[in-house]
K.L.:
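A single structure is presented below for examination.
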Amino acid sequence: MPRRRNLLCLLAVAALAAPQAPAPKKPRLVLAVVIDQFRYDYLLRFRADYHSGLARLLHEGAVFADAHFLHAATVTAVGHATLLTGATPSESGIIGNEWYDRSSGQTVTSVSDPDTKAVGGVPGAAGASPRRLLVSTLGDELKMSMPDSKVIGVSIKDRGAILPSGHMADGAYWYDPDSNHWITSSYYRSELPPWVKSLNGEKTFQRYVGAKWLPVDARDESAQPFCTLVAGTDVRYCGGLEATPWGNEMIEEFAERALVNEDLGHHAGVDLLTVSFSSNDYVGHAVGPDDPAIRDLAIRTDRLLGKLFDAVEQRAGAGNVLIVLTADHGVSPMPEVNQARHMPGGRLSEERVKKAINDALTRRFGPGEWLLPGGIEMPYLNFKLVASLKLDLAQVERVAAAAARAQDHIARVYTSEDLRTGNVQQDSIGRAFSVQYYAPRSGNLFILPEPYYTFYPVLAFHGTPYDYDTHVPVLFLGPGIKPGTYRERIAPNDIAPTLAALLGVAQPSGSIGRVLSEMLQ
């Protein structure tokens, strides 16, 4: 035994004396990219067409092939809140793009803030802030750990700029179509920085007045355009800059200006730039995932990413940039496309389901306006009416749920009582609704249609816990990252704790994800 102990001690000393691999240096700049409504399978379907930014990530980066959101409401605000918090809605409080606020009696958005004003757009317009986000982001943890860090968020959508960048961001900027200006909020500053004013003064939107969106490989303007910014023609009207590739071009241009003018990559701490490409979502809703315009936009997004990656590396220096790319949700095929394929799918009547619920409650408890304003996927019951009739809320919920469940093509209906008590199926969908629920803000019912069915009257849709909505890309590239394809199932919630580990800061306060140690060098 003494000999064995001596041998083990010698081995331990030798191990300590052996040269250790140096820890990867911290990046000077983190670039976090979200492509709004970009399904994972777009990486596969259009792979041969990618030769720039996406191609680089796929070839040189760490690719997680089975990343799925954990929550049920796969919509923009929730996905963007998840990215750099690692939290689910039950922790972050961001339960949707909007919800009914019982205290004010109004519908609010995920970033609406009556105590702020817009800065740089229409005078007196309402502002926005991250105050409804209940947890910290990676940017917040960076700022608390490294006060010299700078955090900037950019998107066409306010929520796309605000929620990933967090409470302590140095700036969040989004595009205001009413003024055709890049704007911010009084939450961040009282006036726009001079460089943003200068960019607005260039009126870059005028480049696209009357433009036609032609295929990227079109030889000339004789090609059939996908849409046009001129209304009243035979070509489909795009609807606005945000619903064209030019919206993404404006985002990328703004991001490059921010790199230079905010001196990103040159501070004592680690800087963070969050960029959300919104146009993919606007286009995807209009035409669905199977339209040729989606391939064209994906190719253009690949090229813009390559341009942005070159800019950040030129700014911070090769080997000093850590890139992560993901999406906030996927999307379902248009029901009409599915029907032509002999696949399930269809459009449901929201009014019919609301009427069925109201009629059932009226028959059982008496007449009244039982439902408050809001979407049918998460109805709110009228608490004042329930209280005036001295009813048991859980019983009212059960009657309402039974009425909704009896409608055609409704897969599941949960009540708030079900979610509070854990009375849900213990499968991925049941768990998705459990982590979706946040009592102070959530409605009384959660109604899930069958796969490929929707309450949207005309558009392509998302917002369910089905795979076509939850499966998104997660890709990393940069110092400390081991390239390769990783096939174990992960969640986008794992991005924030992984970045925190790489940067040596605390994990965000609501994070439930894990560190993706399998890809760390």
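The chain is numbered in sequence order, starting from 1.
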K.L.:
Can you pull out every salt bridge (Lys or Arg N to Asp or Glu O under 4.0 Å) where at least one residue sits in residues 268-288? Sequence neighbours excluded, please.
P.N.:
Lys157-Asp281
K.L.:
Do any pairs count as a salt bridge (Lys or Arg N to Asp or Glu O under 4.0 Å) and have a residue in residues 87-115, sequence neighbours left out, and if so which ones?
P.N.:
Asp113-Arg131
K.L.:
Evaluate the side-chain proximity of Leu54 to Leu325: yes if any heavy-atom separation is below 4.5 Å, no if none is.
P.N.:
yes
K.L.:
Less than 4.0 angstrom from a charged side-chain N to a carboxylate O is my criterion; do Asp469 and Arg39 meet it?
P.N.:
no
K.L.:
Any chance you could measure Lys150, atom NZ, to Asp263, atom CG, to the nearest 0.5 Å?
P.N.:
7.0 Å
K.L.:
Apply side-chain contact (heavy atoms from CB on, under 4.5 Å) to the pair Trp174 and Ile156, showing each step before the final yes or no.
P.N.:
CA-CA 5 Å; Trp174 55 96; Ile156 278 182; over 6 Å; no
K.L.:
Do you know which two heavy atoms are closest between Pro497 and Val515, and how far apart they sit?
P.N.:
O-CG2, 3.7 Å
K.L.:
Do Leu322 and Leu499 have side-chain heavy atoms sitting under 4.5 Å apart?
P.N.:
yes
K.L.:
Please state whether the rings of His285 and His462 are parallel, tilted or perpendicular, taking 30° and 60° as the class boundaries.
P.N.:
tilted
K.L.:
Could you pull out all residues at least two apart from Ala73 that satisfy side chain to side chain contact (heavy atoms under 4.5 Å, CB included)?
P.N.:
Gln436
K.L.:
Go through the structure and list residues passing ring pair (Phe, Tyr, Trp, His ring centres under 6.0 Å) with Trp99, not counting sequence neighbours.
P.N.:
none
K.L.:
Per the salt bridge (Lys or Arg N to Asp or Glu O under 4.0 Å) rule, what does the pair list look like for residues 250-260, sequence neighbours excluded?
P.N.:
Glu202-Arg257, Arg207-Glu253, Glu252-Lys307, Glu253-Arg257, Glu256-Lys307
K.L.:
On a heavy-atom basis, which atom in Leu142 and which in Ser149 lie closest, and how many Å separate them?
P.N.:
O-OG, 4.1 Å
K.L.:
Parallel, tilted or perpendicular: which one describes the rings of Phe69 and His71, with boundaries at 30° and 60°?
P.N.:
tilted
K.L.:
Who pairs with Asp140 by side chain to side chain contact (heavy atoms under 4.5 Å, CB included), at least two apart in sequence or on another chain?
P.N.:
Ser136, Thr137, Met144, His167, Met168
K.L.:
Would you say that Val270 contacts Met146 through its side chain, given a criterion of any heavy-atom pair below 4.5 Å between the two side chains?
P.N.:
yes
K.L.:
Return yes if a side-chain donor-acceptor contact under 3.5 Å exists between Glu450 and Tyr466, otherwise no.
P.N.:
no
K.L.:
Measure the shortest side-chain to side-chain distance between Thr301 and Asn280 over non-hydrogen atoms and say whether it is less than 4.5 angstrom.
P.N.:
yes
K.L.:
What's the separation between atom CG in Leu70 and atom OG1 in Thr88, rounded to the nearest 0.5 Å?
P.N.:
7.5 Å
K.L.:
Rounded at 0.5 Å granularity, tell me how far OG in Ser92 sits from CG in Leu134.
P.N.:
6.5 Å
K.L.:
Please verify the inter-ring angle class for Phe46 with Tyr50; under 30° counts as parallel, over 60° as perpendicular, anything in between as tilted.
P.N.:
perpendicular
K.L.:
Would you say that Ile495 contacts Thr498 through its side chain, given a criterion of any heavy-atom pair below 4.5 Å between the two side chains?
P.N.:
no
K.L.:
Which is it for Phe38 and Val472 under the side-chain contact (heavy atoms from CB on, under 4.5 Å) test, yes or no, and what are the steps along the way?
P.N.:
CA-CA 7 Å; Phe38 197 82; Val472 295; over 6 Å; no
K.L.:
Going through the distances and angles, do Thr204 and Met250 end up as a side-chain contact (heavy atoms from CB on, under 4.5 Å)?
P.N.:
CA-CA 8 Å; Thr204 54; Met250 293 173 67; 3.9 Å; yes
K.L.:
Looking at Val154, Leu305, Val34, Leu297, which one forms a side chain to side chain contact (heavy atoms under 4.5 Å, CB included) with Phe277?
P.N.:
Leu305
K.L.:
Does any pair with a residue in residues 497-521 pass ring pair (Phe, Tyr, Trp, His ring centres under 6.0 Å), and if so which ones, sequence neighbours excluded?
P.N.:
none
K.L.:
Would you say the side-chain atoms of Ser155 and Ser278 include a donor-acceptor pair closer than 3.5 Å?
P.N.:
yes
K.L.:
Once side chain to side chain contact (heavy atoms under 4.5 Å, CB included) is applied, do any residues pair with Pro449, and if so which ones, sequence neighbours excluded?
P.N.:
Leu348, Tyr453, Phe455
K.L.:
Quick one: does any side-chain atom of Ser112 pair with a main-chain N or O of Val108 as donor and acceptor, under 3.5 Å?
P.N.:
no
K.L.:
Is the side chain of Thr116 donor-acceptor paired with the backbone N or O of Ala128 at a distance under 3.5 Å, no angle test?
P.N.:
yes
K.L.:
Under the side chain to side chain donor-acceptor pair (under 3.5 Å) rule, what do Gln425 and Tyr414 come out as? Steps first, then yes or no, please.
P.N.:
CA-CA 10 Å; Gln425 290 98 316; Tyr414 293 122; 2.4 Å; yes
K.L.:
Thinking salt bridges, do Asp302 and Arg56 make one under a 4.0 Å N-O criterion?
P.N.:
no
K.L.:
Give the table of side-chain donor-acceptor pairs shorter than 3.5 Å for residues 476-486, with sequence neighbours excluded, one pair per line with atom names and distance.
P.N.:
| from | atom 1 | to | atom 2 | distance (Å) |
| --- | --- | --- | --- | --- |
| Tyr486 | OH | Lys482 | O | 2.7 |

K.L.:
Tell me whether the count of non-hydrogen atoms from other residues, nucleotides or ligands lying under 6.0 Å of CD in Gln314 goes above 12.
P.N.:
no
K.L.:
Side chain to side chain contact (heavy atoms under 4.5 Å, CB included) with Arg189: which residues, sequence neighbours excluded?
P.N.:
Tyr173, Thr184, Pro193
K.L.:
Do you know the tightest heavy-atom contact between Gly160 and Ser276?
P.N.:
O-CB, 3.7 Å
K.L.:
Given side chains that start at C-beta, do those of Leu31 and Leu308 come closer than 4.5 Å, heavy atoms only?
P.N.:
yes
K.L.:
Say you draw a straight line from OG of Ser279 to CZ of Arg300; how long is it, rounded to the nearest 0.5 Å?
P.N.:
11.5 Å
K.L.:
May I have all residue pairs that pass ring pair (Phe, Tyr, Trp, His ring centres under 6.0 Å) and include part of residues 132-156, sequence neighbours excluded?
P.N.:
none
K.L.:
Between Gly53 and Phe309, which heavy-atom pair has the shortest distance, and what is it?
P.N.:
O-CE1, 3.6 Å
K.L.:
Measure the shortest side-chain to side-chain distance between Ile490 and Leu516 over non-hydrogen atoms and say whether it is less than 4.5 angstrom.
P.N.:
yes
K.L.:
How many angstroms lie between CG in Leu259 and CD1 in Ile152, if you round to the nearest 0.5 Å?
P.N.:
10.0 Å
K.L.:
Does Ser110 use its side chain to pair, donor to acceptor, with the backbone of Ile94 at less than 3.5 Å?
P.N.:
no
K.L.:
Provide the closest heavy-atom pair for Pro465 versus Phe433 in the form atom of the first, atom of the second, distance.
P.N.:
CG-CE1, 4.1 Å
K.L.:
With a sphere of 6.0 Å drawn around NE2 of His266, does it hold more than 12 non-hydrogen atoms of other residues, nucleotides or ligands?
P.N.:
yes
K.L.:
Indicate the atoms forming the closest heavy-atom contact of Ala77 with Arg159, along with that distance.
P.N.:
CB-CD, 3.9 Å
K.L.:
Give the intermediate values and the outcome of side-chain contact (heavy atoms from CB on, under 4.5 Å) for residues Asp66 and His471.
P.N.:
CA-CA 7 Å; Asp66 198 22; His471 193 188; 4.2 Å; yes
K.L.:
Return yes if a side-chain donor-acceptor contact under 3.5 Å exists between Asp36 and His80, otherwise no.
P.N.:
no
K.L.:
Are a donor atom and an acceptor atom from the side chains of His329 and Thr74 found within less than 3.5 Å of each other?
P.N.:
no
K.L.:
Just so I know, are the side chains of Ile183 and Val119 near enough to count as touching, which here means a heavy-atom distance under 4.5 Å?
P.N.:
no
K.L.:
With sequence neighbours excluded, what pairs up with Tyr100 under the ring pair (Phe, Tyr, Trp, His ring centres under 6.0 Å) test?
P.N.:
Tyr380
K.L.:
Are a donor atom and an acceptor atom from the side chains of Arg420 and Tyr437 found within less than 3.5 Å of each other?
P.N.:
yes
